[in-house]
Amino acid sequence: MRLTPALLALALLGATSPPPDMDRWRAQAARVTIERDDWGIPHIRGRSDADAVFGAIYAQAEDDFPRIEANYLTALGRTAEAEGEAAIWADLRQRLWMDPVALQAEYRRSPAWLRALMEAWADGLNFYLATHPAEKPRVLTRFEPWMALSFTEGSIGGDIEKVDLAQLAAFYGTAAPQLARVPDADAEPRGSNGIAIAPKLTKNGRALLLINPHTSFFFRAELQMTSDAGLNAYGASTWGQFFIYQGWNERVGWMHTTSGADSVDFFSLDVTRRGPDMVAYRYGREQRALTASSVRLRFREADGSMGERSFRTWRSQHGPVVRKDGAKWVSAALMHKPVPALEQSWLRTRAKTYAEYVQVAARQANSSNNTVYADADGRTALLLPQFVPARDDRVDYRGTVDGSDPATAWRGPTPMAKLPRVIDPTGGWLYNANDAPWRAAGANSPRREAFPRYMDQAGANPRGDHSLALLSPARALDRQGLRTIAYDPWLPAFDRLVPQLAVEWRGDAPSSRRDMLAEPVQALERWDRRASADSIATTLAMFWADEMWPDAVRHQRPPDLTPWDWLTGGMPAGAKLAALERAVARLRRDFGRWDVPWGEVNRFQRNDAAIVQRFDDAKPSTPVPFGSARWGSLASFGARAYPGTKRWYGTSGNSFVAIVEFGPRVRAWAVTAGGQSGRPGSPHFSDQATRYAAGDLRPVYFWPDELKGHVERRYRPGE
């Protein structure tokens, strides 16, 4: 056997013989070609779809294996094996649904074509580890095909994360102090923007799609997957997954946004303990037994050894028990359909028409994402999650509902024909910004009163206001016109907040406060509410809003009142002015003056490969002109100060941004936060930072003639 450089390195590092599967892996690698373009983005081609999966996951591992492993430690409920006992509650939460034995059985029952993809996925990762002995996994030294079923949907946070860890720990053990639950006042809105423009509103009569996910930075890899069997998909793939999550093929594009539709509910149970292994709960006039299970979790001790804890868990017909409310136990209900979910995630990348896309969606295994859709036929659509449980709309499902009342139980998924949706609106545009669908296409939107309340729990937000203001008058758009909309600097939230501040300043404030804040208030009044790197008013507005937001998050409000509602209509008199006074004092303390340009404060920085990065004002960084989605910025940059810093550094928001133009020949432009590689030594670790901050999208090399002349390296896995 001829030793490739990778296998030679393996031998030199002390391996006595290659793994038993090496010949099979090498045979599959020989059917795969990877071409890295001049941005480091891999374009993978295989003879079969399974070969493309093998090459794609191998290329991902080259770029950032630690993030792949971290995602699967989370998905499998094994993070504590790497990070210690503090992570055990997150692992337990995951294992309430992700039982390895059950997933293995699901894998064995899955269709042969899907098993082939899962096997290629595991083989690609294992081949990478075998040929890169310097890569030291923290836990996962071998991947099994069934593991792919633990992570089937590429969102930033899954439905399972809606289960509170502190409450889970209090029920199944002793809550650690660090798990004490407090509202996260710093949390940047997670979600996304999607816009679809029909041919009637474009210069060249071709549909346009904006793909603008707002996630943690470096959460997804950009890549292209093609096969001789007809696969040709491009876009962003969440690290460790073998399908394109946000993207397009030669005819169809899909953009997912976090939905406000309710697909996760909590049911209270009247329980009676009948012994250590027997607990019953009331359901109507019946007494039903809870199902008991045993979960065994390992965790890393401080000395590196492994400890172990066992838990007896409980499940009702609604789902696992996750907390206790007084004397009642509470079950969580959410969608758990691993095989259909993975099928749907893969097959939509192969859909070539709207009818085919909807046929794939009929599996009803998407519970958390709206989809903004456009295609080469000129069709545009907004689809809500296909899994929305049918329920009694007289019941308010926003809190905990009575699980003993059969009237509250889920009645299966809502038929797709009864879900809100927008298809080919006559106005020619549609959008979603994680808000309600009731204004997604202006006058062509679904009517709120025609659907149950649980079809939306998000309501409106300033990004929606921003989208409507820009899209309603839009005409003759091209890709640059859509890019201008996507990066429009207006911050509409301050159109309401600044006049309220001015009223307070001119009202009953003490004269000393009025005099001290005169210049800042006047700077905000003169401001055009547009963010820019050289704007002093933007900095002032952001610091001021940052002082108000924690109170808005933590204030006790009626369920129908959002933090934004309270901020604009519920704050006590004088509170806005007091917050501005604190903001000005903070600016003077941190920067020596209050009139600081926004670009001096708001920065993008990528220092190392750490998943949780450490920031440093003394190290190079890039000014970013746009701001937080919270205040209506469509181009989102969630930034704040960190321990030891005065500048604000972004960690979430715009991550992968793309504009796709459909037609006889699809064309696209994109930018990724930082760069493609998670390896600090790579030239593609941070080579897109300047483009990212400027919103300067680069051409995507989708077709072979576009890629020609831009290939840095062509190779097969293992070479």
Side-chain angles (χ1 to χ4, degrees), residues 39-40 63-64 66-67 70 83 184-188 214-219 489 520 531-547 549-550 582-631 633 635-657 671-696:
W39 297 100
D63 286 336
D64 207 330
R67 277 188 166 78
E83 298 183 359
D184 186 355
D186 294 323
E188 174 69 9
H214 296 168
T215 67
S216 300
F217 293 161
F218 327 126
F219 186 69
S532 67
D534 58 359
S535 168
I536 290 168
T538 302
T539 308
L540 187 60
M542 292 298 185
F543 272 70
W544 170 48
D546 194 56
E547 289 293 330
W549 187 250
R582 296 194 301 271
V584 168
R586 190 168 143 206
L587 279 164
R588 284 176 171 149
R589 181 183 68 244
D590 289 348
F591 296 94
R593 64 192 198 281
W594 67 265
D595 51 345
V596 184
W598 182 230
E600 188 175 327
V601 175
N602 200 49
R603 314 289 287 194
F604 176 90
Q605 187 177 77
R606 194 176 194 187
N607 292 326
D608 53 43
I611 292 175
V612 179
Q613 189 175 186
R614 292 175 295 277
F615 298 101
D616 189 338
D617 286 344
K619 292 182 178 179
S621 59
T622 303
V624 176
F626 39 94
S628 168
R630 184 182 296 139
W631 313 116
S633 179
S636 173
F637 191 72
R640 64 178 176 87
Y642 286 81
T645 78
K646 296 177 180 177
R647 286 174 159 174
W648 290 14
Y649 295 97
T651 57
S652 67
N654 278 18
S655 49
F656 170 72
V657 184
V671 70
T672 295
Q676 171 70 16
S677 177
R679 313 284 181 177
S682 167
H684 304 299
F685 179 70
S686 199
D687 59 337
Q688 295 186 55
T690 302
R691 279 183 174 268
Y692 170 82
D696 183 11

F626 backbone acceptor or donor facing S633 side chain under 3.5 Å: no
Minimal heavy-atom distance between A609 and G678, with the atoms involved, is CB-O, 3.4 Å
S535 side chain vs T538 backbone, donor-acceptor pair below 3.5 Å: yes
Q) Would you say L540 and D595 make side-chain contact, with heavy atoms under 4.5 Å? A) no
Between A693 and P623, the two heavy atoms sitting closest are CB-O, 3.4 Å
Value for OG (S677) from CG (D687), rounded to nearest 0.5 Å, stands at 9.0 Å
Q) Within 45° of the axis and under 6.0 Å from the centre of the six-membered ring of F615, does NZ or CZ of R647 qualify? A) no
Separation between CH2 (W594) and CD1 (I536), nearest 0.5 Å, reads 6.5 Å
Hey, are K646 and D617 close enough for a salt bridge, meaning a charged N less than 4.0 Å from a carboxylate O? no
**Request:** Using modelled atom types only, decide if a donor and an acceptor are shared between the side chain of Q605 and the backbone of D616 within a distance under 3.5 Å.
**Result:** yes
CZ (F219) and OG (S652) are apart, to the nearest 0.5 Å, by 12.0 Å
Value for OG1 (T622) from CD (Q688), rounded to nearest 0.5 Å, stands at 12.5 Å
- prompt: Between R640 and Y642, is NZ or CZ placed under 6.0 angstrom from the six-membered ring centre and within 45° of the ring axis?
  reply: yes
| Going through the distances and angles, do V601 and M542 end up as a side-chain contact (heavy atoms from CB on, under 4.5 Å)? | CA-CA 10 Å; V601 175; M542 292 298 185; over 6 Å; no
For this session: Look at the side chain of R603 and the backbone N and O of Y649, then say whether any donor-acceptor pair between them is shorter than 3.5 Å.
Result: no
Interatomic distance, NZ@K619 vs CG@D608, rounded to 0.5 Å, equals 7.0 Å
Min side-chain heavy-atom separation H214-N654 under 4.5 Å: yes
On a heavy-atom basis, the closest approach of A673 and Y692 is CA-CD1, 3.7 Å
Side chain E547, main chain A583, donor-acceptor under 3.5 Å
no
In short, A639 meets N602 closest at the heavy-atom pair CB-OD1, 3.4 Å
Contact check, side chains of T539 and F591, non-hydrogen atoms, under 4.5 Å
no
Of all heavy-atom pairs linking P66 and I611, the shortest is O-CD1, 4.1 Å
*asked:* Can you tell me if R614 has over 12 outside heavy atoms packed within less than 6.0 Å of its CZ?
replied: no
Value for CG (D63) from CZ (R679), rounded to nearest 0.5 Å, stands at 7.5 Å
Note to self: Using ring centroids (six-membered ring only for Trp), state whether F637 and W648 fall under 6.0 Å.
What the structure shows: no
key: Validation row: Q613, N607 side chains within 4.5 angstrom (heavy atoms)   = yes
Checklist entry - Are R606 and F218 in a cation-pi contact, defined as NZ or CZ under 6.0 Å from the six-membered ring centre and within 45° of the axis? => result yes
